[in-house]
Amino acid sequence: MDVVDAPGQGTVTYATWIRRPENAHLAVVAKSGPSSLEIFSFDPLTTALSASPKAKHEFEEGVHPLVIVVHPSGDELVCSTNTGDCKLFELYVREGKIKLTEKEQPLMHGIGLQKCLAFSVDGTRFATGGVDGCLRIFEWPNVRVILEEPRAHKSFQDMDFSLDSEFLASTSSDGSARIWNTSDGAPVTTLTRNSDEKIGFCRFSKDGTKPFLFCSVQRGNKALTVVYDISTWQKIGHKRLLRKPTSIMSLSLDGKYLALGSKDGDICVVEVKKMEVRHWSKRLHLGSEIASLEFCPSERVILTTSNEWGVMVTKLAVPADWKEWQIYLLLVGLFLASLVAFYIFFETSDSFWNFPIAKNQAARSKIENMLGDSDQSMWEPLDL
C-alpha cells in the first residue's frame, strides 16, 4: 500500500477525480483558508499528484467550497459553496495546458447549502440534495428543472444515480431512504428498514450484471452493508464489513470494488462479486472522519480527504487487473503457439496429404516402392 499526500497550502474540504482521455486523469481539490479549487495531474507510476497545481481558481473572500461533482465527460464540474450557490466551471485541456473557467448559471444561485451533488452516469441529469431536505433534479446541459421537492427529506445525507440513469436513490439524516424516477421526478418507493436501523449512504451496482443497491446501515451498535434488489426494492441480505460507523461510501467505475470509510479514519475495500474485504487501510486518516472517497477511473487507487490530514492518494493492495496490452499479448502468444503446433504436426506427417498414416498404409508404401508404379504392367502388350 502506497500513500501519498497532495501538496499545497490551505485546509482541504473535498477532492475528486476528473476523468480524461488516454487515462491522463486529473484531481480537483477544494480548499479553504484561502479558498480555492486546484487541479493536479496524476502519475500512475508513482501514485502521486503533481507537486503544484496545473490550474487554480480562487474564490472571493467569505466564499468556501464544500462539495464537488464532475461531469462524466470530464469537461465540467459543479461546486457547492457555503453561501448557498452552486458554481459551474468548465475545464479546458489543450496540449498540456489546463484552464478552469467559471460559467454563469443563474438557476443554481441561491438554492441553499447543498450536502449532495450528483451527475447521472450518462451525463443527462444533475441532482442536488440540500441541508434543508430539498431535492432538485435538472436536465443537463440545458438545466431544465425536472423536480423541485422541498420536503424530500429532513436533511440530505447521500445520493446516487443508477447505471441506466433511470433511478436516483437518496438518504436522509433521519435514517430513511427514497427512490426517485429521474425522467419525471416521481417518487418510486421508500426503502424498507427495521425500526432500529438507520440507512446512511447508498451506491448502485455498476458492473451491468447485478441490479443491486448497496446501503450502509447502522443497527444499534452494529455497522452493516445491506443489499437491495432494484427490481423489487426488497432487502436481500446484509454483511458486516467495516464493522464501525460509516462516514462515506464509493464504488469503482467498473463496479468491481466497493469502498467504505469510517468516522475515525479507516478504509476498507470490498470485492463486490464475493462481498469480501480485499484491502484494509487502518488509521489512514488517524482519528479524523473520511470526508470524501473516490476511486481512480482506471487504476486501483483511491483519493481520500479529511479535515485534519488533507488529501491522500492510496494504492490498493488488490489483485491486478488485466491490461488491454496484456490481453493482446496473450492472444498473439496463443496464435504463435498454434502455428508451432501445426508446423510440428506437418513435419511428422505423411508427405502427400500431410496426415499421419496407419500401419497398413506404411506397409503398402514399402511394397509399392519395391514393385514400382502399380499402374504400369510388368509385360509389354502382345502384338497379334
Side-chain angles (χ1 to χ4, degrees), residues 13-14 16-20 26 28 30 35-37 39 55 57-60 63-93 98-153 155-172 178-188 202 204 292 294 297:
T13 59
Y14 202 89
T16 189
W17 296 99
I18 301 176
R19 195 189 323 172
R20 300 302 303 169
L26 306 171
V28 55
S35 297
S36 64
L37 288 182
I39 308 295
H57 173 86
E58 295 183 348
F59 292 94
E60 55 269 29
V63 178
H64 304 298
L66 300 178
V67 180
I68 309 169
V69 65
V70 180
H71 191 270
S73 67
D75 297 326
E76 295 176 309
L77 62 90
V78 178
C79 176
S80 67
T81 66
N82 65 321
T83 59
D85 296 331
C86 281
K87 296 183 178 291
L88 174 63
F89 295 88
E90 289 186 337
L91 186 70
Y92 297 91
V93 182
I98 302 173
K99 184 179 181 181
L100 190 63
T101 305
E102 185 175 353
K103 184 178 180 182
E104 187 67 22
Q105 184 46 258
L107 288 179
M108 293 193 293
H109 287 180
I111 61 175
L113 291 176
Q114 301 303 304
K115 180 67 183 295
C116 309
L117 304 175
F119 277 109
S120 62
V121 177
D122 61 7
T124 63
R125 299 286 188 270
F126 172 66
T128 67
V131 174
D132 60 359
C134 182
L135 170 64
R136 294 175 176 88
I137 302 178
F138 302 91
E139 277 188 357
W140 200 267
N142 59 22
V143 201
R144 182 183 72 85
V145 178
I146 298 174
L147 173 68
E148 185 171 355
E149 175 51 69
R151 296 184 298 275
H153 289 296
S155 182
F156 266 80
Q157 179 73 26
D158 196 20
M159 63 167 53
D160 191 44
F161 280 94
S162 61
L163 180 62
D164 59 6
S165 303
E166 182 179 356
F167 300 110
L168 175 74
S170 62
T171 64
S172 172
R178 302 181 70 179
I179 307 297
W180 310 83
N181 189 305
T182 63
S183 58
D184 57 9
V188 176
C202 59
F204 281 97
S292 65
E294 294 290 340

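Computed from heavy atoms alone, side chains included, the values below leave out hydrogens, waters and symmetry copies.
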To check you understand the geometry: which heavy-atom pair defines the closest contact between F59 and C79, and what is its length? CZ-SG, 4.3 Å
Answer whether the closest heavy-atom distance between the side chains of L26 and L91 falls below 4.5 Å. yes
Any donor-acceptor pair under 3.5 Å linking the side chain of N181 with the backbone of A186? no
Validation row: L168, R125 side chains within 4.5 angstrom (heavy atoms): no
Is there a side-chain contact between I137 and L135 (heavy atoms, below 4.5 Å)? yes
If every non-hydrogen atom of M159 is compared with every non-hydrogen atom of A118, which pair is closest and at what distance? SD-CB, 3.8 Å
Check whether T83 reaches the backbone of V63 with its side chain - one donor and one acceptor, N or O, closer than 3.5 Å. no
Qualifying residue, where the test is side-chain contact (heavy atoms from CB on, under 4.5 Å) with F89 and the options are L37, I68, T101: L37
Looking at G112, is its backbone amide N or carbonyl O close enough to the side chain of Q114 to form a donor-acceptor pair, meaning the two atoms are under 3.5 Å apart? yes
With a 4.5 Å cut-off on side-chain heavy atoms, are T182 and S120 touching? no
Shortest non-hydrogen separation from Q105 to V143 and the atoms involved: NE2-CG2, 3.3 Å
Between D122 and F161, is there a side-chain heavy-atom distance shorter than 4.5 Å? no
Given 3.5 Å as the limit, does a donor-acceptor pair link the side chain of S155 with the main chain of G133, or not? no
Output all residues satisfying side chain to side chain contact (heavy atoms under 4.5 Å, CB included) with V145, sequence neighbours left out; order by chain, then residue number. F138, E148
Just checking, is any N or O donor in the side chain of T13 or H64 under 3.5 Å from an acceptor N or O on the other one? no
Is the backbone of P297 close enough, under 3.5 Å, to the side chain of W17 for a donor and an acceptor to pair up by distance? no
Heavy atoms, side chains only, cut-off 4.5 Å: are V69 and L77 in contact? no
Which atom of F156 lies closest to which atom of S170, heavy atoms considered: CE2-CB, 3.5 Å
Can you tell whether the side chains of R20 and D75 come within less than 4.0 Å, N to carboxylate O? yes
Are M108 and R136 side-chain neighbours, meaning at least one heavy-atom pair lies under 4.5 Å? no
Heavy atoms, side chains only, cut-off 4.5 Å: are F119 and P72 in contact? yes
Side chains of W180 and E149: any donor to acceptor distance under 3.5 Å? no
Specify the closest pair of heavy atoms between I179 and A169, including all atoms of both residues, with the distance to one decimal. CD1-CB, 3.7 Å
